Amino acid sequence: MTAMRAASVRLWRTSPATYLALIVGCVLSVFPIYWMVVVATRSNDVINDVPPPLLPGGELGANVGRVFANEHAAFAYGLVNSLVVSSVVTVSVVFFSTLAGFAFAKLRFRGRNAMLLIIVATMMVPVQLGLIPLYMLMVKIGWNGSLQAVIVPFLVSGFGVFMMRQYAAEAISDELVEAARVDGCSTFRIYWNVVLPVLRPAAAVLGLLTFMQTWNEFIWPYAVLDANTPTVQLSLSLLATAYYTDYAQVFAATALATLPLFAVFILFGRQIIGGIMEGSIKS
């Protein structure tokens, strides 16, 4: 027994090579973001210097001011549009995915397996194959150039439904649902008061992934929107496609565009950790 315990301790013991690999991985991951901040705080005169500057400068305020003063890119407008689009899509995907996942996992109804199979099959179709038909539909109903075109088609996610179904099947016991039913709860009340709190960690992960994906989406907004109704990614592309590229301005705008992602990551990260800790206490 002592030998087995000693072998287990050696198995989980961290070696110096592990620390070295983690440090190298962290540096490679963080350096592009750090370099973006450095360039955002510098002028264009020193960007092409050899060796390149590695310390932040004092031009951040001027670069940010030029970003918001650029009427061609309409960066502030694009920032607001992206916040609206990403927030609406995220809330909708989380709500419908948790609701459908609970139904597929714990409710018994005719055609359940066939409907779930259809939802999984939609995940196998590349998004690029649907761009042209979807664009034709947006033109047909007159939504091209408006935010509805980048919101409505993505209000439901097949991946989100499947993910919530798998999590609900493992995390929610049938006895818990039956007890709530015996107490007189309706199906929606069971979902809202019993199921949704249990699904909070998985819902936070889904919300984080959905917000990041919607915020970083470029191809579909580029196809269906125009310069009068840009998202933040379109505004960044307008800054970077001029005859003369102002790299300090572009990197300053990119740094500003990443701030909401950090804020959302912190928000959903707390929900994930809080849900895990709550589950461990209950268990």
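Everything numeric here is computed off the predicted structure, so don't read it as measured data.
A pairwise comparison of heavy atoms in Gln249 and Arg66 identifies OE1-O, 3.1 Å as the closest pair. Closest of all the heavy-atom pairs between Ala203 and Thr98 is CB-CG2, 4.1 Å. For the pair Lys106 and Ala168, the tightest heavy-atom approach, listed with the atom from each and the gap, is CE-O, 3.6 Å. Nearest heavy atoms, Asn63 versus Ala252: CB-CB, 3.8 Å. The two residues Gly145 and Thr229 have their closest heavy-atom pair at O-OG1, 3.2 Å. Across every non-hydrogen atom of Asn228 and Tyr77, the tightest pair is O-CE2, 3.0 Å.
Counting non-hydrogen atoms of other residues, nucleotides and ligands closer than 6.0 Å to CZ of Phe68 gives a total above 12. When the shell of 6.0 Å around CZ of Arg189 is examined, it contains 12 or fewer heavy atoms from other residues, nucleotides or ligands. Atom OH of Tyr34 is surrounded by more than 12 heavy atoms from other residues, nucleotides or ligands within 6.0 Å. Counted within 6.0 Å of CH2 on Trp192, heavy atoms from surrounding residues, nucleotides or ligands total 12 or fewer; the atom is thus considered open. Within a 6.0 Å radius of CE in Met36, other residues, nucleotides and ligands contribute more than 12 heavy atoms. In this structure, Gln213 places its CD atom where only 12 or fewer heavy-atom neighbours from other residues, nucleotides or ligands lie under 6.0 Å away. Within 6.0 Å of OH on Tyr222 lie no more than 12 heavy atoms contributed by other residues, nucleotides or ligands. Residue-environment remark: OH (Tyr191) exceeds the threshold of 12 foreign heavy atoms within 6.0 Å.
Side-chain atoms of Trp220 come within 3.5 Å of backbone atoms of Ala149 as a donor-acceptor pair (strictly under, hydrogens ignored). With hydrogens and angles ignored, the 3.5 Å screen pairs a side-chain donor or acceptor of Ser82 with a backbone N or O of Gly78. Here the side chain of Arg42 pairs a donor or acceptor atom with the backbone of Leu55 at under 3.5 angstrom. Looking at Thr41, its side chain never comes within 3.5 Å of a backbone N or O of Pro56 through a donor-acceptor pair. No side-chain donor-acceptor contact under 3.5 Å links Ser86 to the backbone of Leu83. When atom types are taken as modelled, the side chain of Asn44 and the backbone of Tyr247 share a donor-acceptor pair closer than 3.5 angstrom. With hydrogens and angles disregarded, no donor-acceptor distance shorter than 3.5 Å links the side chain of Asn70 to the backbone of Phe75.
In this structure, a donor-acceptor pair under 3.5 Å is present between the side chains of Ser146 and Gln148.
By the 30° and 60° cut-offs, the orientation of the rings of Trp215 relative to Phe211 is parallel. Between Phe104 and Phe109, the ring planes are tilted. Angles from 30° to 60° get that label.
The only option from Asn81, Leu236, Leu79 that meets the side chain to side chain contact (heavy atoms under 4.5 Å, CB included) definition with Pro230 turns out to be Asn81. When each of Val139, Leu131, Ile132 is checked for a side chain to side chain contact (heavy atoms under 4.5 Å, CB included) with Tyr135, only Val139 meets the rule.
Side-chain contact between Val93 and Leu155 is absent, with no heavy atoms from C-beta onward closer than 4.5 Å.
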ask   = What do the steps show when you test Arg181 against Thr187 for side-chain hydrogen bond (donor to acceptor under 3.5 Å, both in side chains), and what is the final call?
value = CA-CA 8 Å; Arg181 187 78 72 183; Thr187 301; 3.0 Å; yes
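Aromatic ring centroids of Phe262 and Phe265 lie 6.0 Å or more apart.
For the atom pair CE of Met164 and CG of Leu199, the computed distance is 6.5 Å after rounding to the nearest 0.5 Å.
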